[in-house]
Structures are given as structure tokens and as C-alpha cells.
Number of protein chains: 2
Amino acid sequence: MNDASGESINRESSEPVYAQLVRILRQQVTDGVLRPGDQLPSEAQLCRRYGVSPMTVRRVVNILADQGVVVGEQGRGIFIRAVELGDASFQLQRLQDLVGGDEPATVRLLQASIAAADATTAAKLQLRVGERVIYMRRLVESEAGPVCYHVEYLVYDPARPVVEAEIATTSLQGLFGGHGQALIKHGELNIEAVLLNDEETRLLQAVAPAAGLRIEHLFYAYDERPMSWGWFLCRGDRLRFGSRVGLGHEHPLDPT
Amino acid sequence: MNDASGESINRESSEPVYAQLVRILRQQVTDGVLRPGDQLPSEAQLCRRYGVSPMTVRRVVNILADQGVVVGEQGRGIFIRAVELGDASFQLQRLQDLVGGDEPATVRLLQASIAAADATTAAKLQLRVGERVIYMRRLVESEAGPVCYHVEYLVYDPARPVVEAEIATTSLQGLFGGHGQALIKHGELNIEAVLLNDEETRLLQAVAPAAGLRIEHLFYAYDERPMSWGWFLCRGDRLRFGSRVGLGHEHPLDPT
DNA sequence: CATATCGGCTTCCATAGGGAAGCTATAGTG
DNA sequence: CACTATAGCTTCCCTATGGAAGCCGATATG
């Protein structure tokens, strides 16, 4: 009450105390009350000021720290971090949102066949040239036209027959969600800009020469053997990844 | 001791208990002991099993949860999450690392002059057409040749004269780190694939037609007014962003 | 048999308190 | 004056405990 420094904790709210405090402190940063380089009140002071326990304050500081808002230096204090260009990160999730946003995009299966691995594919999937792979091509279409062209090579394993559902996947959710039956242990992604070749240009109904975003993916099964290699090819003018740094907006890692 | 289920907590280690437990549980996931959909032992069980306090277990679970390894459902349990394509995120930090990795890239200032804002620039910077802006062009070069072309428009504010240091920035660190003197409140980033125009092709010593990655940035000052607009243009074949999903590797958010 | 209640489990939140390690400025010593 | 020791602050870690809210199955009741 004698403290005119803004909001205080509402004990009745359904919002947890720690979340409230995170919000309050973030707000002070966006309002410019706290600026990069400034020192936060010490944890003990925050306890008194907001009437919460040390553990709660500790938790709040931890959250703010790995949100990149503050940085703590043992024995010195907690300081507001300056915004850096390198903080930006692009979530692949956005691709799903973007395309699935207005009108849920449909996925059309262009081809699904069994082929022999060529040199490149064999190298990626750690097979010998000529071994059998499942070759699939899909086209993601929104109402505005084709957006994304997806090529994928799957290791053909008679012991683990590829389920129909896998091939017939016709939703982006299917492509993004559990690939197969959650057989994937981990994956490596690469993103780069490329020139579309003739076929790609035609499929995406672009005008040559056209640039595209190529998102390559390589997934490994639980036995650490490559399982799927492929890439998404998106028209440069129809797909854009956005990101934000600093505050003045909701943090991507925020809950709810 | 009677518990053969792997590692236990080392009380003497300098590694904090919570960090050890995080590591142990992650390891169990990568080893396949715990698989997507599996339920973790309850928090109480984890306490007994590893001889740590409930609060510590709670903290561990929180960390794993926002690392995306597990997901907790109130009243039911904590479950291992399946790897999803959408989990991938590309850190702009990598650009800095990539170029600054082997041989630190140099930044050459091609131009720095005062110009009148055209329609596009004025719109971005919320100025009127014709108002003065600082126009800068930089070329980032590694020993392998030009990598990145940077164009930037700064609002010309006589009250806040642009420091020499700002213009003379010749290191990537300078470009990425504190832009100016940490005047930036927040920024918006966009990444897309584009065709290089003639000048860009020439500067980057590419062969037309060539594709490039365009990273556009728009920075706001603390008064919420745009302050800087520009973009990085990188040769598609010289820059690639990598990312990983799932385990079997160190998590990007891990400390130290 | 169908339905409702309850008890035991779960995740989650918050508190109070104690202690280790690190920084800094001050007081004391040569 | 130069240098050292110390006291008081800081972040950071961990424990022990209690309670809220949600899920689920067993038990009792119509």
C-alpha cells in the first residue's frame, strides 16, 4: 500500500503467484521502468515488496532468466539483459500455423512407390545403393494455390511395414505430429534458400526463375538408424517465418 | 543400492542435484528406457528413488516440461512427449557462429550516407516520404568469399546523433550484440527465400539466377517508434540453418 | 444393474528456513 | 600509503511440509 511501484500480487486470482510476478516484472521492462543493464531489486527485497516466499521469487528469477529477460551474476545481482539480434529464433511450428491458419491446407499425395536408393539417398539413409526405399511426393495446397512440395524417402523394412495411414497422410497435422507411431527418436533439420528446378517450379505454379525455402529433414529411429529423409520446398513468396526479440509482446515459451 | 535402475545422485559433485536428475532422466529417454507415451514415476516415487526433496523433483519436472521432453497432466501423471516436426527452431545465433566459426568474418562498410526516405522506407520507419534517414550497406566476408550483404536504414535524429562506433561497426559481434547502446526495446524479424537481383548477385559473387536467404529486421526504440529497418541477404549455398529435435544430443537451452 | 459418493492417487502451488559460494566495500594492519 | 582480512550483501541450492485441484477406480446406495 505504501508502495506506489505498480501492481501487486492478487491472492484470489486463479493465476499462480509466480506467474503474476513474472508478468509484473516483464511489464516493468516493457514499460521502461527497468532498462537493459539495470539491476533488479535483490531477491530478499522482492520477497518483502510483493509478500512472497524466497522460493517463489527464486522460481520467478529462473523463469525470467531462461526467457532471456534477465541474467543473474552470483554475488552481484540480477540484471536486465539487452536485446540481441542473435536471440531471434524461428519456430517450424509457424509453418504449420501459417498454412493451417485461415483455411486448413490439404495434402495431396502425388506419388508413393518403392524405388531403389540412388547414391545420395543411400548415403543419407545409411543404406547401400540399390536397396529399397519408399519414395513419396506430396503437395500441400491452400486455397490460394500450392504452397509446399514435400519429398520423402523412407527406409523399406519388411519387418516394419509402413502403415497405410502413414502414406495416406492427408493433413499437415499428420505430417507434423507423430510421424508414424512415434518411432522417431530424434531428427536433424536444415533450412536453406534454393532455386527451384523446372519440375518444382511447375508443381508450385511459380514463374522461373523462382526461389524457394528448402527445409530438409532426417529422422532417426530408436536404433539410431536413419529412417526417413526428405525435404519441404516452399515458394519463397508464399512462406515467411516471423520472429520477435525483446519484450512488448508475448513470449513464445509462455504457458497457456 | 537395491535399485538397479541406473545412475543415482552424486552428492559430492559440483553439478547441482536438480541438474543431475534432469540429465539422468533425459538419458533414460535417449536410451529408450522411457519412450514416448510412457508415464514417468510419480513425483513422490522419484523423491524416494533418488533421495531428493519434492521441491527439487518439481523443479526437474518443470525444466523437462519446458524443454519439451515431458508433458504433465494434472491428476494423471507425467508422460514422455513424442518428437514433433514443429518442435524444431532455428536460432539466428547460428548465423553468427557459422560465419564467425572457423575464420572470424570481417565486415566491410560499403556505404554510409544520409538519404531521403522513399515510400517503402518511410512506411517501415513510420516517417514521411523525404525525411532523412541514414543509409548503410555492409558486406560480410569470410575467407571463402562474401557471405552476407546487409542493408540498413536508420532514422536520422539530430537529438540522438548516431555514434561513429555504430557506423564503423566492423565485427559481426557488433552487428549482433548491442545495437547502438542498447536502445532497442524490441524487434521483428522475418526470414524468406528470394531471388538475388543483379547488384546483389554481383556483390555476393554469385551466378545469376541465384537464390538467397533474406532476413529482414525492424527494430523499435523505447518510445515504440521504429528506429532501424534493414535486411541481411545471404547466399543460399553459403548459409544454412541447422536444428535438431528430440534427444540424443544436447539441448540448446541447456546451461553451461 | 445403474448411479453417485468417496478415498487414494496424481500434478501443481506456495511457505519457511538453512546453507554454500561469490562479490564488494570497509576497517584494520604493516 | 599499500595491502589484507572481514563483514555484509548478493545469487543460488536444497530440504521439509502443507494444501489445492484433478483423475480414477472401488464401494455403497437407489
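From a predicted model like this one, the values you see are computed outputs, not experimental measurements. The sequence lines fix the lettering, A, B, ..., with proteins before strands; numbering per chain opens at 1.
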For the residue pair B:F90 and B:F241, categorise the inter-ring angle as parallel (less than 30°), tilted (30 to 60°) or perpendicular (more than 60°).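 B:F90 and B:F241: perpendicular rings.
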Tell me which of A:T56 and B:Q74 sits closer to the 5' end of DNA chain C, going by the nucleotide each one is nearest to.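 It is B:Q74 whose nearest nucleotide is closer to the 5' end.
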Residue whose nearest DNA chain C nucleotide is more 5′ - B:Q45 or B:N62: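 Here B:Q45 is the residue nearer the 5' end.
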A:M55 or A:G75: which one's nearest nucleotide on DNA chain D is closer to the 5' end?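 The residue mapped nearer the 5' terminus is A:G75.
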[X] side chain to [Y] backbone, donor-acceptor under 3.5 Å:
| X | Y | result |
| --- | --- | --- |
| B:N10 | B:E12 | yes |
| A:K185 | B:T30 | yes |
| B:E73 | B:I78 | no |
| B:Q20 | B:E15 | yes |

What verdict does the side-chain contact (heavy atoms from CB on, under 4.5 Å) test give for B:V70 and B:R81, after you've listed the backbone C-alpha separation in whole Å, the side-chain angles of each residue and the deciding distance to 0.1 Å? CA-CA 5 Å; B:V70 302; B:R81 247 188 46 139; 6.0 Å; no
Could you verify whether a donor N or O on one side chain and an acceptor N or O on the other, from B:W229 and B:E216, lie under 3.5 Å apart?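 Result is yes, a qualifying pair exists.
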With a strict under 4.0 Å distance from non-hydrogen atoms of chain A, what nucleotide opens and what nucleotide closes the contacted stretch of DNA chain C, reading 5' to 3'?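 That gives a stretch of C:dC13 to C:dT24.
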Which nucleotide span of DNA chain D, 5' end to 3' end, has atoms closer than 4.0 Å to non-hydrogen atoms of chain A?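 Nucleotide range with atoms under 4.0 Å of chain A: D:dT10 to D:dT15.
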With sequence neighbours excluded, give me every side chain to side chain donor-acceptor pair (under 3.5 Å) pair touching residues 33-43 of chain A.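 Non-adjacent pairs meeting side chain to side chain donor-acceptor pair (under 3.5 Å): A:E43-A:R58.
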